[in-house]
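Data block below; observations after.
Residues: numbered from 1 along the sequence shown.
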Amino acid sequence: MDRFNGSARLMIVSDLDSTMVDHDDLDNLSLLRFNALWEAYYRHDSLLVFSTGRSPTSYKKLRTRKPLLTPDITIMSVGTEITYGESMVPDTAWTQYLNQKWSRDIVTQETAKFPELTPQSEKDQRPHKVSFFVEKAKAWEIINVLPKRLEERGVDVKIIYSSGIALDILPQGAGKGQALAYLLKNFKVDGKVPMHTLVCGDSGNDAELYSVPEVYGVMVSNAQEELLQWYTQNAKNNPNIIHATERCAAGIIQAIGKFFLGPNVSPRDIRDFQKCKVDTFSPSHEVVKYYLFYERWRRAEVEKSEQYVQNLKLVFCPLGIYVHPSGGEQPFHQCIDSMAKLYGDKQGHRFRVWVDRISSAQIGSDIWLVKFHKWELSGNELQCYVTTVLMNLKAELPDGFSWVHMHQTWLDDSRARDQTVWCF
């Protein structure tokens with residue numbers, strides 16, 4: 001939370017399933033478009049928050065299957081768990097707050113009296129969330145009766161029904177909206193309230209997010225009827241909440257543009273960077289742009305042109321060195337020659353590249369230290385390279401930055417099977 005001083009320029013708070021993640025988009029293009037936009041233009045001064053109904057176990061499993069960025073804050077289990085950073089440090093103050101007028105044992109005892117409730121899997125049960133499946137017609141009967149019974153036993157609950165089948169019982173003070181309000185309250189205490197907050201969702205358990213004061217909101221085009229009905233009844237006249245015409249992450253990008261919250265053209269939507277110049281140059285944009293070109297070169301989605309190779313050699317310092325994760329070293333220009341020979345080797349194959357956690361620091365008058373995780377998916381093999389780059393700011397170059405040195409290491413157990421390819 002201390003990545004930068006002052007307030008975040010933008011804080012995006014997004015649900016995951018069917019909002020940030022489109023399970024019908026097998027190539028994850030919508031999500032990859034958002035990733036490129038965020039890392040190029042927002043990561044350095046903005047906050048990304050995932051707010052999901054998934055448990056920590058389920059959330060971590062999703063991260064192994066989808067190209068999700070690393071969020072600054074993760075809200076899980078329908079707003080009952082808040083963690084910070086990549087290491088997911090839990091917010092114990094939030095946990096203590098939720099303990100008020102809550103007893104999981106009493107909730108379990110009372111819900112056992114309703115045979116129509118089918119418990120969800122054990123991994124989806126959490127200390128402050130008791131979850132069931134139930135048909136819609138039966139759900140409303142239970143919602144009208146159960147809270148009163150629990151109140152008589154000293155337990156104050158909130159029941160959230162979503163997706164036409166999932167029923168979650170939480171402490172009264174929990175929920176996605178309350179978790180966000182809690183975060184904003186803490187930011188206010190620290191004098192760091194984000195300049196703008198955009199909330200994004202698709203189902204009933206996201207409705208609370210739109211009730212938080214002074215936020216912008218987007219319901220993605222594939223939003224479920226229960227959320228659209230809530231919108232009609234509660235927020236139809238609120239100009240700061242829209243129903244996007246685009247699905248999932250594409251709808252989030254659409255909302256960024258609709259509300260003028262910042263750049264809304266993803267680098268993935270730019271086919272030729274030489275013809276389409278951007279207003280803002282930064283090390284982050286340079287990194288995103290290079291790896292998009294690298295992906296397109298190997299997928300044969302750009303022209304096989306010697307001019308592209310020569311342009312790369314202008315950007316990468318002739319004396320620059322690449323340190324491979326194996327420990328070996330090779331001059332940049334030799335690596336570029338190796339990459340040139342791989343044109344189209346991934347054409348027609350499942351091959352995507354994205355970057356995560358870009359950070360940069362100016363360590364000299366014209367020298368930048370840039371760190372990031374480079375992810376590469378080839379078929380079913382996923383590798384991550386922890387990457388450190390030195391860049392030199394040079395006004396005579398088209399985009400201003402020259403790559404001077406690069407060092408990569410493997411992340412955990414993502415070591416590549418083929419270590420003979422020297423492409424950074």
Check the surroundings of atom [atom1] in [X]: do more than 12 heavy atoms from other residues, nucleotides or ligands lie under 6.0 Å from it?
{"X": "Glu214", "atom1": "CD", "result": "no"}
{"X": "Phe351", "atom1": "CZ", "result": "yes"}
{"X": "Glu135", "atom1": "CD", "result": "no"}
{"X": "Lys258", "atom1": "NZ", "result": "no"}

Could you tell me whether the side chain of [X] and the main chain of [Y] form a donor-acceptor pair under 3.5 Å?
{"X": "Lys176", "Y": "Ser51", "answer": "yes"}
{"X": "Thr19", "Y": "Leu16", "answer": "no"}
{"X": "Glu295", "Y": "Arg352", "answer": "no"}
{"X": "Gln178", "Y": "Ala181", "answer": "no"}
{"X": "Asp190", "Y": "Lys192", "answer": "no"}
{"X": "Glu246", "Y": "Gln254", "answer": "no"}
{"X": "Arg63", "Y": "Leu69", "answer": "yes"}
{"X": "Lys129", "Y": "Asp124", "answer": "yes"}
{"X": "Tyr216", "Y": "Ala255", "answer": "no"}
{"X": "Thr52", "Y": "Arg54", "answer": "yes"}

Once the angle between the rings of [X] and [Y] is folded into 0 to 90°, is it parallel (under 30°), tilted (30 to 60°) or perpendicular (over 60°)?
{"X": "Trp410", "Y": "Tyr385", "value": "tilted"}
{"X": "Tyr210", "Y": "Trp230", "value": "tilted"}
{"X": "Tyr291", "Y": "Tyr294", "value": "perpendicular"}
{"X": "Tyr59", "Y": "Phe50", "value": "perpendicular"}

Taking all atoms of both residues into account, what is the closest heavy-atom pair of [X] and [Y], and its distance?
{"X": "Ser30", "Y": "Arg247", "answer": "OG-O, 3.9 Å"}
{"X": "Ile159", "Y": "Leu146", "answer": "CD1-CD2, 4.0 Å"}
{"X": "Ile12", "Y": "Cys200", "answer": "CG2-SG, 4.1 Å"}
{"X": "Tyr42", "Y": "Leu37", "answer": "CD1-O, 3.7 Å"}
{"X": "Pro127", "Y": "Trp102", "answer": "O-NE1, 3.0 Å"}
{"X": "Gln125", "Y": "Val130", "answer": "OE1-CA, 3.4 Å"}

Worksheet entry | Lys158/Glu208 ion pair, N-O < 4.0 Å | yes

Item to complete: Taking only Lys NZ, Arg NE, NH1 and NH2, and the carboxylate oxygens of Asp or Glu, determine whether Glu151 and Arg153 approach each other closer than 4.0 Å.
Response: no

For [X] and [Y], which I'm curious about, is there any donor-acceptor pair between the side chains at under 3.5 Å?
{"X": "Thr387", "Y": "Lys371", "value": "no"}
{"X": "Arg350", "Y": "Asn380", "value": "yes"}
{"X": "Asn205", "Y": "Ser203", "value": "yes"}

Working to the nearest 0.5 angstrom, can you tell me the gap between [X] [atom1] and [Y] [atom2]?
{"X": "Glu86", "Y": "Asp356", "atom1": "CD", "atom2": "CG", "result": "8.0 Å"}
{"X": "Asp91", "Y": "Thr74", "atom1": "CG", "atom2": "OG1", "result": "12.0 Å"}
{"X": "Leu32", "Y": "Asp27", "atom1": "CG", "atom2": "CG", "result": "7.5 Å"}
{"X": "Glu286", "Y": "Ser360", "atom1": "CD", "atom2": "OG", "result": "12.0 Å"}

Fill in: Passing option when Trp403 is tested against Tyr322, Phe332, Tyr290, Trp368 for ring-ring contact (aromatic ring centres under 6.0 Å, His included)
Tyr290

Worksheet item: Only one of Val155, Thr108, Thr111, Val78 clears side chain to side chain contact (heavy atoms under 4.5 Å, CB included) with Ile169; which?
Response: Thr111

Practice prompt. Determine, step by step, whether His44 and Ser359 satisfy the side-chain contact (heavy atoms from CB on, under 4.5 Å) criterion, reporting the C-alpha distance in whole Å, the side-chain angles of both residues, the deciding distance to 0.1 Å, and the verdict.
Written response: CA-CA 6 Å; His44 67 288; Ser359 64; over 6 Å; no

Worksheet entry | Test item: Leu167 and Gln120 side chains (from C-beta on) under 4.5 Å apart, heavy atoms | no

